[in-house]
Q: 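Below is one structure. I have some questions about it.
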Amino acid sequence: MRWWDIAPVLELERDLFPEDAWSPGMFWSELAYARGPFATRRYLVAELAGRTVGYGGLAAIDGTGDIQTIATARDQWGTGLGARLLSELLSAATDFECREVLLEVRVDNTRAQRLYERFGFEPIGFRRGYYQPGNVDALVMRRTTETSSEAPSVQGT
């Protein structure tokens, strides 16, 4: 993801997460840490026919990765795009030498939870009222390099 990707990513963000969409400043702030020798972030976008159809981001600090965001356009649900994005983010975590990767997912988003479980993430707790303003709880999940099974293979480009 580069600065010119922020506008189309924000469109998708507002469509998918109308109540708690990230602001432009949040993406700008994250991208500030994504380049150079001391980078601690990896952000990516997926495009199809010139249209942004997915994105994801990872922060890595002191051996722990955190999936900051991951999303695919509604018309891409069930195509494997989410798995490809997640696979790329986990590869970035390996590049950053992370021993574990954490993420938060809405408790009512069982589709995403199943994807994360396929990649070896396990529930470890809750964050009450994490998603605002809807006051929706987050399920915290973790994948450790020592105990996780191999991620499923992802086909495609």
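These numbers come from the heavy atoms of this one structure, side chains and all, not from hydrogens, waters or symmetry mates. We number each residue from 1, following the sequence as shown.
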Q: Suppose the criterion is ring pair (Phe, Tyr, Trp, His ring centres under 6.0 Å): which pairs have a residue in residues 27-83, not counting sequence neighbours?
A: Trp22-Phe27
Q: Could you list the residues that satisfy side-chain contact (heavy atoms from CB on, under 4.5 Å) with Thr94, not counting sequence neighbours?
A: none
Q: To the nearest 0.5 Å, tell me how far Phe96 CZ sits from Arg42 CZ.
A: 5.0 Å
Q: Between the side chain of Thr40 and the main-chain N/O of Ile61, is any donor-acceptor distance below 3.5 Å?
A: no
Q: Identify the heavy atoms of Ala112 and Val105 that sit nearest to each other, and give their distance.
A: CB-CG2, 3.8 Å
Q: When you group the ILVMFWY residues by side-chain heavy-atom contacts below 4.5 Å and let the links chain together, are Val140 and Phe121 in the same group?
A: no
Q: What's the verdict on side-chain contact (heavy atoms from CB on, under 4.5 Å) for Leu44 and Met1, showing C-alpha distance, side-chain angles and the deciding distance?
A: CA-CA 5 Å; Leu44 14 123; Met1 183 184 297; 5.8 Å; no
Q: Is the shortest side-chain N to carboxylate O distance from Asp137 to Arg106 below 4.0 Å?
A: no
Q: How close do Gln76 and Val53 get, heavy atom to heavy atom, and via which atoms?
A: CG-CB, 3.8 Å
Q: Should Phe126 and Tyr131 be counted in the same cluster of Ile, Leu, Val, Met, Phe, Trp and Tyr side chains packed under 4.5 Å apart?
A: yes
Q: Would you name the heavy atoms of Cys98 and Gly65 that are closest together and state the gap between them?
A: SG-N, 3.5 Å
Q: Tell me the closest heavy-atom pair linking Ala39 and Ala34, and the distance in Å.
A: CB-C, 3.7 Å
Q: Begin from the C-alpha positions of Gln132 and Asp20 and carry the test side-chain contact (heavy atoms from CB on, under 4.5 Å) through to its verdict.
A: CA-CA 6 Å; Gln132 294 296 327; Asp20 52 3; over 6 Å; no
Q: Under the side chain to side chain donor-acceptor pair (under 3.5 Å) definition, can you give me all pairs with a residue in residues 44-54, not counting sequence neighbours?
A: Arg51-Asp75
Q: I'd like a table of donor-acceptor pairs (distance under 3.5 Å, sequence neighbours excluded) in which one partner is a side-chain atom from residues 4-12, with atom names and distances.
A:
| unit_1 | atom_1 | unit_2 | atom_2 | d |
| --- | --- | --- | --- | --- |
| Asp5 | OD2 | Arg2 | N | 2.8 |

Q: Test side-chain contact (heavy atoms from CB on, under 4.5 Å) on Leu103 and Ile70; report intermediate values, then the result.
A: CA-CA 10 Å; Leu103 59 80; Ile70 186 168; over 6 Å; no
Q: Is the number of heavy atoms from other residues, nucleotides or ligands under 6.0 Å of Asn135 CG greater than 12?
A: yes
Q: Measuring from atom CG of Leu58 to atom OG1 of Thr69, what distance do you get when rounded to the nearest 0.5 angstrom?
A: 11.5 Å
Q: Out of curiosity, Leu16 CG to Thr72 OG1, how far, rounded to the nearest 0.5 Å?
A: 7.0 Å
Q: Do the side chains of Asp66 and Gln68 get nearer than 4.5 Å, heavy atoms only?
A: yes
Q: Between atom CG of Leu90 and atom CZ of Arg143, what is the distance when rounded to the nearest 0.5 Å?
A: 5.0 Å
Q: Of all heavy-atom pairs between Ala93 and Val101, which one has the smallest distance, and what is that distance?
A: CB-CG2, 3.6 Å
Q: Can you tell me how far apart OG1 (Thr110) and CG (Leu139) are? Round to the nearest 0.5 Å.
A: 11.0 Å
Q: Name all residues meeting the side chain to side chain donor-acceptor pair (under 3.5 Å) criterion together with Glu19; count only those two or more places apart in sequence or in a different chain, and write none if there are none.
A: none
Q: Going through the distances and angles, do Ser23 and Met26 end up as a side-chain contact (heavy atoms from CB on, under 4.5 Å)?
A: CA-CA 5 Å; Ser23 69; Met26 291 171 78; 3.3 Å; yes
Q: Inspect the surroundings of CD in Glu117 and state if more than 12 heavy atoms from other residues, nucleotides or ligands are less than 6.0 Å away.
A: yes
Q: Any non-hydrogen side-chain atom of Glu13 less than 4.5 Å from a side-chain atom of Phe17?
A: yes
Q: Considering non-hydrogen atoms only, spot the tightest contact between Leu81 and Ala46 and give its length.
A: CD1-CB, 3.7 Å
Q: Between atom CD of Glu88 and atom CG of Leu86, what is the distance when rounded to the nearest 0.5 Å?
A: 10.0 Å
Q: Kindly indicate whether the side chain of Ile67, heavy atoms from C-beta on, has any atom under 4.5 Å from the side chain of Leu102.
A: no
Q: Check salt bridge (charged side-chain N to carboxylate O under 4.0 Å, His left out) between Glu104 and all other residues, then give those that pass, not counting sequence neighbours.
A: Arg127
Q: Should Thr64 and Glu100 be marked as a side-chain hydrogen bond (donor to acceptor under 3.5 Å, both in side chains) after you check the CA-CA gap, both sets of side-chain angles, and the distance that decides it?
A: CA-CA 5 Å; Thr64 298; Glu100 65 178 356; 3.2 Å; yes
